[in-house]
Colleague: 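My questions will all concern the structure given below.
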Amino acid sequence: MSRFLTSKTAAIVGCPFRCPRVGVDQGPIHLVEAGLVDQLTELGWKVNFDGHHQFEEVNVAADPPIGKLKNPRLVSKVTEAVAKVVGGHAKKGELPVTLGGDHSLAMGTISGTLDAHPDACVIWIDAHADINTAETTDSGNIHGMPVSFLLGLGSPVPEFSWVKPALKPERLVYIGLRDIDAGEKRILKENNIKAFSMHEVDKYGIGRVVEMALDHVNPKRAYPIHLSFDVDALDPSVAPSTGTPVRGGLTFREGHYICEAIWETGLLVALDLMEVNPSLADAASVQQTVTVGCSLVRAALGKQLVRREQVD
Ligand SMILES: NC(=[NH2+])NCCC[C@H](N)C(=O)O
Ligand SMILES: [Mn+2]
Ligand SMILES: [Mn+2]
């Protein structure tokens with residue numbers, strides 16, 4: 001367990017949120033129904049889970065686009081609520097495990113983590129960089145933008161003024177990228193943000209890539225780690241039920257290896273598992289994706305493949 005936690009307690013933050021539909025995205029609900037709470041209990045965690053967030057408090061009457069941004073007020077309010085919940089758990093020394101839902105939620109989860117652990121670094125596992133600004137976005141989907149808000153890039157959007165630009169470019173690293181927009185490429189370059197695309201995963205192997213990523217973002221292995229895992233980082237043959245699948249992704253084992261290696265650092269303070277979207281596939285694909293999702297969470301929370309004494 002991470003030395004930054006005060007007890008082996010995992011707080012599951014279920015966020016069935018996908019813009020523009022609140023409470024309709026079933027991803028987190030499926031993950032919990034698949035037995036995630038019991039699985040983590042079996043690993044020795046005390047698990048706090050008192051139901052999924054329905055964001056009842058979020059009341060947005062009219063939410064026309066601001067510039068290109070779709071549903072800006074709703075996304076802002078939901079992510080702000082998530083920031084408070086995640087930050088609250090983190091400040092109690094618990095490990096928040098946020099299940100999504102739209103990756104825009106990471107604006108909230110990472111804000112919450114940085115509130116409790118200001119020197120935390122972020123390891124972002126994704127096919128996409130999610131670093132568009134209000135100016136560069138083509139789609140207007142805010143799930144393609146959370147990282148730019150956290151870094152304070154682009155011209156400020158008043159509706160998101162609650163988001164502190166608390167993340168430093170050198171405390172962020174990506175693994176798994178393979179679908180980056182032209183504007184995003186420019187932003188990554190200009191801000192010197194380290195990214196290991198699938199090309200580097202092929203070239204060096206996942207073991208070295210994780211090592212290099214940690215060396216970059218956490219050279220002395222001293223900072224707490226927030227792991228934000230978009231399930232679309234995995235190849236669509238491994239995790240088909242997701243909104244924006246891109247072929248050529250991480251294998252089942254590569255995805256798990258990342259989680260296991262981060263766990264082994266003893267520095268993990270928060271985990272996101274995002275973009276599981278059961279509404280987009282047949283029942284077998286949904287089950288496959290949900291099973292993989294639970295398995296990734298177990299790997300990040302310390303499940304060992306073999307007991308150490310069997311190999312030593
Ligand atoms: N969280 C995600 N699935 N993000 C996909 C983003 C795709 C594209 N780059 C966009 O800005 O719309
Ligand atoms: Mn993605
Ligand atoms: Mn993403």
Side-chain angles (χ1 to χ4, degrees), residues 15-21 25 27-28 65-72 75 78-79 82 98-111 122-151 153-154 157 160 167 172-189 193 195-198 201 226-250 254-255 258-259 270-281 289 292-293 296:
C15 296
F17 165 75
R18 175 168 302 278
C19 227
R21 295 160 286 157
D25 184 73
I66 298 179
K68 288 185 200 153
L69 304 203
K70 295 179 190 155
N71 306 97
V75 176
V78 166
T79 53
V82 170
T98 306
L99 309 174
D102 202 304
H103 214 170
S104 59
L105 289 162
M107 226 187 295
T109 62
I110 293 173
S111 294
V122 172
I123 303 185
W124 189 284
I125 315 298
D126 206 322
H128 313 91
D130 295 348
I131 198 168
N132 274 303
T133 64
E135 290 81 35
T136 65
T137 179
D138 271 335
S139 66
N141 292 328
I142 300 178
H143 75 169
M145 309 176 58
V147 180
S148 77
F149 283 84
L150 291 161
L151 292 166
L153 305 176
V157 182
F160 285 89
L167 182 62
L172 164 68
V173 68
Y174 290 100
I175 300 175
L177 302 186
R178 57 195 181 277
D179 181 12
I180 313 173
D181 302 334
E184 292 185 299
K185 255 182 213 156
R186 208 169 49 238
I187 293 171
L188 292 176
K189 207 169 166 204
I193 294 166
F196 296 92
S197 71
M198 287 311 297
V201 173
H226 182 118
L227 178 62
S228 198
F229 202 121
D230 183 329
V231 83
D232 73 26
L234 299 174
D235 192 79
S237 61
V238 180
S241 303
T242 191
T244 47
V246 189
R247 65 184 177 169
L250 298 168
E254 286 165 344
I258 294 170
C259 295
L271 173 68
D272 307 331
L273 183 76
M274 299 298 191
E275 299 284 349
V276 175
N277 189 346
S279 62
L280 293 164
T289 310
V292 172
L296 289 172

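Scope of the values below: all heavy atoms of this structure, side chains included, with no hydrogens, waters or symmetry mates. In listed order, ligands and their atoms are each counted from 1.
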Colleague: Side chain or backbone of D130 under 4.0 Å from ligand 1, or both, or neither, by non-hydrogen atoms?
Modeller: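 Just the side chain.
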Colleague: At less than 4.0 angstrom from any non-hydrogen atom of G144, what atoms of ligand 1 do you find?
Modeller: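 In order of number, 6 (C), 11 (O).
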Colleague: Under the side-chain contact (heavy atoms from CB on, under 4.5 Å) test, which residues partner N71, sequence neighbours left out?
Modeller: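 Per chain and number, N71 pairs via side-chain contact (heavy atoms from CB on, under 4.5 Å) with C19, P20, D63, L74, V75.
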Colleague: Could an N or O of ligand 1 be found under 3.5 Å from any N or O of E275, whether backbone or side chain?
Modeller: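 Between E275 and ligand 1, an N or O pair is found under 3.5 Å apart.
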Colleague: Can you tell me which residue and heavy atom of the protein come closest to atom 11 (O) of ligand 1, and the distance to 0.1 Å?
Modeller: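 Here the closest protein heavy atom is N132 ND2, 3.0 Å.
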Colleague: For V276 and D25, work out which heavy atoms get closest and say how close.
Modeller: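 In terms of heavy atoms, the two residues are closest at O-OD2, 3.7 Å.
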Colleague: Any atoms of ligand 1 less than 4.0 Å from a non-hydrogen atom of D232? List them with their elements.
Modeller: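 By the 4.0 Å cutoff, the relevant atoms are 3 (N).
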Colleague: Using the six-membered ring wherever Trp is involved, compare the ring planes of W124 and Y174 and label them parallel, tilted or perpendicular (cut-offs 30° and 60°).
Modeller: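 Because their plane-to-plane angle is over 60°, the rings of W124 and Y174 count as perpendicular.
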Colleague: Using a 3.5 Å distance criterion without hydrogens, assess whether the side chain of D181 forms a donor-acceptor pair with backbone atoms of G183.
Modeller: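 No: the side chain of D181 does not pair with the backbone of G183.
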Colleague: Under 3.5 Å, side chain of R178 to main-chain N/O of R247, donor-acceptor pair present?
Modeller: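 At least one qualifying donor-acceptor pair exists.
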Colleague: Starting from atom 7 (C) of ligand 1, which protein heavy atom do you reach first, and at what distance in Å?
Modeller: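 The closest one turns out to be H128 CD2, 3.9 Å.
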Colleague: Quick one: are R18 and E275 in side-chain contact, heavy atoms under 4.5 Å?
Modeller: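 Of all side-chain heavy-atom pairs linking E275 with R18, at least one is under 4.5 Å.
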Colleague: Any idea which atoms of ligand 1 are less than 4.0 Å away from a heavy-atom of E184?
Modeller: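 Selected atoms, number and element: 9 (N).
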Colleague: How far apart are the closest heavy atoms of A239 and L234, and which atoms are they?
Modeller: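 Where A239 meets L234 most closely, the heavy atoms are CB-CD1, 3.9 Å.
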Colleague: What heavy-atom pair brings M107 and I142 nearest, and what distance separates the two atoms?
Modeller: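 Distance-wise, the nearest heavy atoms are CE-CG2, 3.7 Å.
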Colleague: List the atom of T242, the atom of P245, and the distance in Å for their closest heavy-atom pair.
Modeller: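 Smallest interatomic distance, heavy atoms only, reads O-CD, 3.4 Å.
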Colleague: Show me which atoms of ligand 1 lie under 4.0 Å from any heavy atom of S139.
Modeller: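 Those atoms are 10 (C), 11 (O), 12 (O).
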Colleague: Considering only heavy atoms of H103, which atoms of ligand 1 have at least one such atom less than 4.0 Å away?
Modeller: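 Listed by number with element, the hits are 1 (N).
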Colleague: Does only the side chain of M145 get under 4.0 Å from ligand 1, or the backbone, or both, or neither? Count heavy atoms.
Modeller: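 For M145, there is no contact with ligand 1 at all, from either part.
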Colleague: How does D230 reach ligand 1, by side chain, by backbone, by both or by neither, if only non-hydrogen atoms under 4.0 Å count?
Modeller: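 Contact part for D230 vs ligand 1: side chain (C-beta onward).
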Colleague: Closer than 3.5 angstrom, by distance alone: can the side chain of N141 be matched with the main-chain N or O of H143 as a donor-acceptor pair?
Modeller: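 Not at all, since once roles are kept as given, no pair shorter than 3.5 Å links the two residues.
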Colleague: Within a distance under 4.0 Å of any heavy atom of T244, pick out the atoms of ligand 1 and give their elements.
Modeller: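 Heavy-atom distances to T244 below 4.0 Å select 2 (C), 3 (N), 5 (C).
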Colleague: Pull out every atom of ligand 1 sitting under 4.0 Å from any heavy atom of D181, numbered as shown with elements.
Modeller: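 Ligand 1 atoms under the 4.0 Å threshold to D181: 8 (C), 9 (N), 10 (C), 11 (O).
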Colleague: Listing residue and atom name, which protein N/O/S atoms are closer to the Mn ion (ligand 2) than 2.8 Å?
Modeller: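 Short answer, with waters excluded from the count: D126 OD1, H128 ND1, D230 OD2, D232 OD1, D232 OD2.
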Colleague: Where's the contact between M274 and ligand 1, heavy-atom distance under 4.0 Å: side chain, backbone, both or neither?
Modeller: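 The answer is neither.
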Colleague: Mind checking whether L150 and V122 have side chains closer than 4.5 Å, heavy atoms only?
Modeller: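 When only atoms from C-beta onward are counted, V122 and L150 do not touch, as no gap falls below 4.5 Å.
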Colleague: Side chain to side chain donor-acceptor pair (under 3.5 Å) with H128: which of N132, D130, D126?
Modeller: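 One option only clears the test, and that one is D126.
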Colleague: Applying a heavy-atom cut-off of 4.0 Å, say which part of H143 lies close to ligand 1: side chain, backbone, both or neither.
Modeller: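 Under 4.0 Å from ligand 1, H143 contributes backbone and side-chain atoms.
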Colleague: Can you tell me if K70 uses its side chain to pair, donor with acceptor, with the backbone of S139 under 3.5 Å?
Modeller: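 Answer holds: yes.
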